Amino acid sequence: MITRSKYQPAEIETKWQSRWAEEDLYSAREHSDKPKFYNLVMLPYPSGDLHIGHWYNYSGADTYGRFTRMRGYNVMQPIGFDAFGLPAENAAIKRNIQPHTWTLENIANMRRQLARMGAGWDWSREIVSCLPDYYTWTQWLFLQFYKRGLAYRTKAPANWCPTCNTTLANEQVVNGACERCGTPVERREIDQWLLRITAYADELLNFDEIEWPEKTRLMQTNWIGRSEGAEIRFTAQVPRLGKNGKPTTRTETVEIPVFTTRPDTIYGVTFFVLAPEHPLVERLTAPEQRAAVEAYVEQARHETEIERLSTEEGRKKTGVPLGASVTNPVTGEQVPVWIADYVLMSYGHGAVMGVPAHDQRDFEFARAFGLPVVEVIRPEGEEETPTATWETAKTAHGVMVNSGPFDGTPAEDAIQRVIAWLEEHNLGQRAVTYRLRDWLISRQRYWGCPIPIVYCPEHGAVPVPEDQLPVLLPDEVEFKPTGESPLRYVPEFLNTTCPICGKPATREVDTLDTFICSSWYFLRYIDPQNAHAAWSREKVDAWMPVDMYIGGAEHATMHLLYARFFIKALRDMGLLDFNEPFKRLFHQGIVLGPDGQKMSKSRGNVIAPDDVVARYGADTVRAYLMFMGPFDQGGPWSSSSIEGVWRYMNRVWNLVTDALAERQVGPSAEVAAGAAAERLQHKSIARVTESYAGLRFNTALAALMEYLNGLSKLKDDEPALVRDPRYAAALDTLLVLLAPLAPHISEELWHQAGHEQSVHSQPWPEFNPALTVDETVTVIVQVNGKLREKLELAPDVSEDEVRRLALASPKVQAATGGRPLKKFIYVADRYLANIVA
RNA sequence: GCCGGCGUGGCGGAAUGGAAUACGCGGCGGUCUCAAAAACCGCUGCCCUCACGGGCUUGUGGGUUCGAGUCCCACCGCCGGCACCA
């Protein structure tokens, strides 16, 4: 009677975690004969707790990293903390603790949690973005952008969150509300630092070098929103401004450019609309309209972005005429000028030529205010109908009509011909506009990377010389609800001298958007201790680009776009020599609560990893997360389904430890079932390898379960199998194949089986294709596509033989009912025959 | 509204155009036990049939094909992104 040991994950997991750390098992080698593989995860924000979503993300990434390492790659798998940001400040205000302290305490706890996963992190490369040895180089990078004219300062309307007392980038505004607190966003004019991401808009649309999900590429493409068309310069008479800046009685001609994607509709312009914020509104307004216009402008200013951008049913177009007109440069016609909130100052030129016949918004506007609708484009073969009867604009392309000399121009030439005409007469030109705007990077906040700029009364904004970096962020500040950075009230920080003249000056008190910190962290991992440079060019050349980047899809249009922009800009500065940071990208899915809803404290459906790990161990939790479904799909947590994975781990433990014990009591000897065990081994290697390679961890574990079930059954049927060396080899392979998903139990049993080296250093097993084929195969016989017969035959059976046996089968004959054979199809690699009768 | 994705047993899900429902959960029956739990073994899509066996089934309707969960068209439902972008 054998007494078996019990599977106790807590014990073996902590044991192996310390052993691996002692042996430095997971540090990437700087010099290696093996090909490099940069396996990256999106670094966590140190909120204090690793949640189940982190476990999901990192379990998949670590499984893939381990698999790749065993396949012979020199894998680098670093981890760090994106440690600046608002939550630290909010916690500081709420709990009267300094952000610095709060953040570092959280990091300490999360390091423990990250270690408890048993993932193969290379801790020697850890970065913490709020520490000076990191943010020195964030500042240095800002200066490089500044030097190249890619960072600039301007007074611009900014999204302002009255709750967070801070500005927000457009990308951080969700449906017109603050992404963090949900407060509707207001607009304010403030001096801002921006990065010229729009200079790279076109290049960012090119995804040729990267293997990214179609969905993410599409989201970035839509986000950048490239539109091709023309700029057309309309003109207007406005009062000439006197020396005092006040209008005089004399007039002058000003040009008002518009952007349009449909220059072919130029003859259909019946009105002209400016954004309420357009700088020419005041000068164009006639005295009798002044009161109405000012009221409308004031109203638009108070509208939130949500209201203004809403396209909800029933929201009618609003607007006010200025009592002025502009000249259509092509037709020479005068059309009235309006202001309306459907025209946005931030897109194009803040002005629109109104073509109600061929643009739906202009159509609605014209109907609302009784403006004429003139048809100038007619799809080929369509009859003329009076525009008064139209219910919508006709936006399709077509032949130009009512367009003077352009009449009859076919759809395919219309736009080009009008643009050519505009360019010839110097009244406009081909133009491209983007939805993407420059990246607003100033935050009126304390807990961020200080912007290395000094304001001198004489020299204005002066960059801090590189040898004076870092501009240190004070560790302690006082928080006052002023809406200004607390740094303004720290004299030691604020007051300095001008780098040019040495006279008293003040520092920039705004800090950088944390997305700046996360736009280059993957470069610092490569050379984290470098005190002389942000990175060594040689090391970055060797490791970049990232081979696999796994993280959430919510970063599609922010972090992932910014990081691409950074790399392209740094390339143009000569600081590195590649075009894209992340060669492959994978978005893991979202783990839902047991109720199928998104996890949230208010719903009470949150699964805390620490709790389930205490109960089942890290291996079971990791493997269960991967078993839930496809890795990019996520799904609901199930407290009963995880029991199945827990049972599996126990069955692995029992099968292997039993075999080891029983092997002691007798000599090894081959038995018949050994051959079957060997076939199963090779089949399983093939299946599991394929699943891992495709990041289909759920089917990898399913195959491992079938492998175990199969071996267990073979042993039950023929107990002497335990002393067959082929059975021992099959169990060893089971442990090796399981190692990426369940690193601790496989390591423990691997060592119990007498191996010295770590299971994680084992080469990935190869399979012999000849051994993945069964001794007999089931040939499926269909009649007219329906399954009618199964034949057990040898794998090398010929088509003729199958045909003879199939037609001879009574079941087949019954199914054909004596009808003559029309066609016989045999798919050899599927062992499938179809009889058409 | 536009763009994208997804609809398969009671549940999570599997399936290079070739045996639909692998694997797991749950359920039912059994072994062990005084009993229960755990563990182990067997059964488990739906309908008809005592049974042998037969019919039906991948959101709905149509199509392509020897053969469709998979490809094409239309519709319904759910999820994600964008949303007056001129």
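Chain letters run A, B, ... following the sequence lines, proteins first and then strands; every chain starts at 1. Bear in mind the structure is a predicted one, so any value in this text is a computation, not a measurement.
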message: Under 4.0 Å, heavy atoms only, any strand: does A/T778 hit a base, just the sugar-phosphate, or nothing?
response: base

message: If I pick the P atom on B/G81 and the same atom on B/G12, what distance separates them, to the nearest angstrom?
response: 22 Å

task: Assign B/G54 to syn or anti; the rule is syn for a glycosidic angle within 90° of 0 and anti otherwise.
output: anti

message: Test of understanding: with side chain to side chain contact (heavy atoms under 4.5 Å, CB included), list the residues that count as partners of A/K786, not counting sequence neighbours.
response: A/R788

query: Where the side chain of A/Q782 is defined as all heavy atoms beyond and including C-beta, which of B/A86, B/A14, B/G18 is the nearest nucleotide?
result: B/G18

message: Tell me whether the rings of A/F515 and A/H555 are parallel (<30°), tilted (30 to 60°) or perpendicular (>60°).
response: perpendicular

field: Qualifying residue for side chain to side chain contact (heavy atoms under 4.5 Å, CB included) with A/M400, from A/V418, A/T265, A/V376
entry: A/V418

Filtered N/O pairs between nucleotides 23-25 of chain B and protein, under 3.5 Å:
unit_1 : atom_1 : unit_2 : atom_2 : d
B/G24  : OP1    : A/N709 : ND2    : 3.1
B/C25  : OP1    : A/R647 : NH1    : 2.6
B/C25  : O2'    : A/S640 : OG     : 2.9

field: Who pairs with B/U60 - Watson-Crick or G-U, where each distance is under 3.5 Å
entry: B/A74

- prompt: Which part of the nucleic acid does A/E214 contact within heavy-atom distance under 4.0 Å: base, sugar-phosphate only, or nothing?
  reply: nothing

- request: Remember a base hit wins even if backbone is also touched, and classify A/N698 as base, sugar-phosphate or nothing at under 4.0 Å, heavy atoms.
  value: sugar-phosphate

message: Just N and O in the side chain of A/K215: are any of them under 4.0 Å from OP1 or OP2 of B/G5?
response: no

message: We want to know whether A/R651 and A/N709 form a side-chain donor-acceptor pair, criterion being a heavy-atom distance below 3.5 angstrom.
response: yes

task: Look through every strand shown and name the nucleotide pairing with B/A14 as Watson-Crick or G-U wobble, where both distances are under 3.5 Å.
output: none

query: Which is true for A/I825 with a 4.0 Å heavy-atom rule: it touches a base, it touches only sugar-phosphate, or it touches nothing?
result: base

query: Hey, does A/K822 reach any base, or is it just sugar-phosphate, or nothing, if we go heavy atoms under 4.0 Å?
result: nothing

Counterpart base for B/G4, defined by Watson-Crick or G-U wobble contacts under 3.5 Å: B/C79

message: Nearest whole Å is fine: how far is B/G54 P from A/L787 CG?
response: 10 Å

task: With heavy atoms under 4.0 Å as the rule, sort A/V836 into base, sugar-phosphate or nothing.
output: sugar-phosphate

salt_bridge(A/E391, A/R367) N-O dist < 4.0 Å: no

- request: Applying ring pair (Phe, Tyr, Trp, His ring centres under 6.0 Å), name anything that partners A/F369, two or more places apart in sequence or on another chain.
  value: A/W338, A/F365

query: OP1 or OP2 of B/A83 less than 4.0 angstrom from a side-chain nitrogen or oxygen of A/R435, does that happen here?
result: yes

- prompt: Which value, in whole Å, describes the distance between the C1' atoms of nucleotides B/G45 and B/G13?
  reply: 15 Å

- prompt: In the structure shown, which nucleotide is the Watson-Crick or G-U wobble counterpart of B/G29, with both distances under 3.5 Å?
  reply: B/C41

- prompt: Would the A/Y56 and A/W637 ring centres measure less than 6.0 Å apart?
  reply: no

- line: If pairing means Watson-Crick or G-U wobble with both distances under 3.5 Å, then the partner of B/C50 is none

message: OP1 or OP2 of B/C84 versus the side-chain N and O atoms of A/Q360: is any pair under 4.0 Å?
response: no

task: Would you please confirm or rule out a distance under 4.0 Å between OP1 or OP2 of B/C40 and any side-chain N or O of A/K715?
output: no

- prompt: What does A/R226 touch in the nucleic acid at a heavy-atom separation under 4.0 angstrom: a base, only the sugar-phosphate, or nothing?
  reply: nothing

